[in-house]
Amino acid sequence: MMSRSYTNLLDLASGNFPVMGREKERRRFPRVMTVPGNIVELDDEQANSVTSENPSSVAGDRMIIVANLLPLKAKRRPDNKGWSFSWNEDSLLLRVKDGLPEDMEVLYVGSLPVDVDPIEQDDVANYLLEKFKCVPAFLPPSLLAKYYHGFCKKQLWPLFHYMLPFSADHGGRFDRSMWEAYVSANKMFSQKVIEVLNPEDDFVWIHDYHLMVLPTFLRRRFVRLRMGFFLHSPFPSSEIYRSLPVREEILKALLNSDLIGFHTFDYARHFLSCCSRMLGLEYQSKRGYIGLEYYGRTVGIKIMPVGIHMGHIESVIRQADKELKVEELKRQFEGKTVLLGVDDMDIFKGINLKLLAFEHMLKQHPNWQGRAVLVQIANPARGKGIELEEIQSEIEESCKRINKEFGRPGYEPIVFMHRPLSISERMAYYTIAECVVVTAVRDGMNLTPYEYIICRQGVSGAETGSDLVGPKKSMLVVSEFIGCSPSLSGAIRVNPWNVESTAEAMNESISMSESEGVAA
Ligand SMILES: O=P(O)(O)OC[C@H]1O[C@@H](O)[C@H](O)[C@@H](O)[C@@H]1O
């Protein structure tokens, strides 16, 4: 049974807060997402509608960025005494910061990727606040199991990626105790925010599907708080979303934000249609700004695709360790044509479909046998479960089979790396690859194609001053089901479920002449 207090709390999430007139006016959010200007652009109206009316109102204000995971890496010290922490350069939260006004102070609230013993927690918290402006939320392991590995990973993550109904290893049904854990964990995050919040001056920017009921806990305490939410995953069609037993609770909780951001127009459209079908809400669209009227407040709905930070990528391109690695890779793959995949190990990334397509290409176009190599990098999964184990063993079996059938001395058709790669190592692989292949069956955005394009431009472009010379051809084969796909006009778009046509797209991409083979 859901405890009474949660029921009450989520009733409050109905947004019944009398916020009118002047209050509406002062809620202005800075534009916080960076986009690589030559790839995805917000139109002027989109960009300006948030900031231009009163840009100075944000300068000097503080932004509290809340997410499930802090943008930190943590390692136990070798002597086992304490921890060492460093920024996680791959965390999108750092890119969010890049898009804020320079003088804006940023504080991060979230959990750590490691389990810190309760007796160490105070010291760790003080250190992280002082050194990194990070406020850790230490969730008890039993809560983490039900909140993150349970409700997030087994229920929301599949649902938001169009998998129905609910995880097989939980009896294929909705588990209400996991939902309760999700609400409790969101409450714990909100308590951490409240510990540091200055409600008059701070903006709060909540990230991703892990924290969708958090706006309720903050709005309940601070009626005038300026608060935004950004969803990094897809928001599915209302036909999928409406199967969620707590569908209204989540929509209502999100509507306690002032602004809700999505990567793509389709995700925003799905959300609006859910609000209309499930809550009976109307929305208005004026000059590129969509507003949902909800209990006297206007909630802004915005399309704000996350991008990559060009300056950061370009600085990595110039790094010496990357250049050394490029030389090593050039020797390793001399005389070969490299296709590259860079994915998280996850059930929706379609890694096995990519391997099957590559196998099909080698069969249908035997001229590539001995010459084409698929390098697949798989970043280890954060989640766990039967489905993930199954997909991992499918991938391993495919690699073994294909390498056995087509491999020969000096030629391994699939090079599979199941480990995290540093950004500079990843850049080195982009540098030597002629084609990047993304076959995810769903993905919120996927920044791999953008990283590849920027890296390839850096490799051949004079403006970076780089004298690295990789192959000049740069092709992209991308799934039509990922957020970045519509923006990649030069890519070959595929339905990843159609292995034969993906195989043809791979063949086409690496068979193109140099003048044709430029993806962006
Ligand atoms: O896999 P987790 O820990 O739930 O995190 C999900 C997030 O992982 C990030 O790596 C992705 O860029 C996001 O799009 C995604 O929402």
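Every number for a ligand or one of its atoms is a count from 1 in the order of the listing. Treat the numbers as computed from the prediction; the structure is a model and nothing was measured.
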(request) Under 4.0 Å from a heavy atom of L92: give me the atoms of ligand 1 that qualify, with their elements. (result) 12 (O)
(message) What I want to find out is whether E120 reaches R76 closely enough, with some N-O distance under 4.0 Å, to be called a salt bridge.
(response) yes
(message) Taking the ring centre of each residue, are F230 and H263 less than 6.0 Å apart?
(response) yes
(message) Closer than 4.0 angstrom, basic N to acidic O: yes or no for D258 and R219?
(response) yes
(message) Taking 4.0 angstrom as the limit and counting only heavy atoms of K153, give me the atoms of ligand 1 inside it, by number and element.
(response) 1 (O), 2 (P), 4 (O)
(request) Measure from the side-chain N and O atoms of S111 to the backbone N and O of N68, and report whether any donor-acceptor pair falls under 3.5 Å. (result) yes
(message) I need the atoms of ligand 1 closer than 4.0 Å to a non-hydrogen atom of H210, numbered in the order shown.
(response) 2 (P), 3 (O), 4 (O), 5 (O)
(request) Please report which non-hydrogen protein atom sits nearest to atom 13 (C) of ligand 1, along with the residue it belongs to and the distance in Å to one decimal place. (result) H232 CB, 3.9 Å
(message) Checking ring-ring contact (aromatic ring centres under 6.0 Å, His included) between F235 and each of F271, Y267, Y162, which is the one that passes?
(response) F271
(request) Scan side-chain atoms only and decide if K325 and S424 contain a donor-acceptor pair under the 3.5 Å cut-off. (result) no
(request) Report yes if W157 has an N/O atom closer than 3.5 Å to an N/O atom of ligand 1; otherwise report no. (result) no
(message) Does the protein come close to atom 11 (C) of ligand 1 - that is, does one of its heavy atoms sit below 4.0 Å from that atom?
(response) no
(message) Tell me the nearest of H207, R382, H263 to atom 8 (O) of ligand 1, using heavy-atom distances.
(response) R382
(request) For N186 and H210, indicate whether the former's side chain and the latter's backbone hold a donor-acceptor pair under 3.5 Å. (result) yes
(request) Return a yes/no value for Y209: is any of its N or O atoms, backbone included, closer than 3.5 angstrom to an N or O of ligand 1? (result) yes
(message) Out of D346, N446, V306, D208, who is nearest to atom 16 (O) of ligand 1 when you count heavy atoms only?
(response) D208
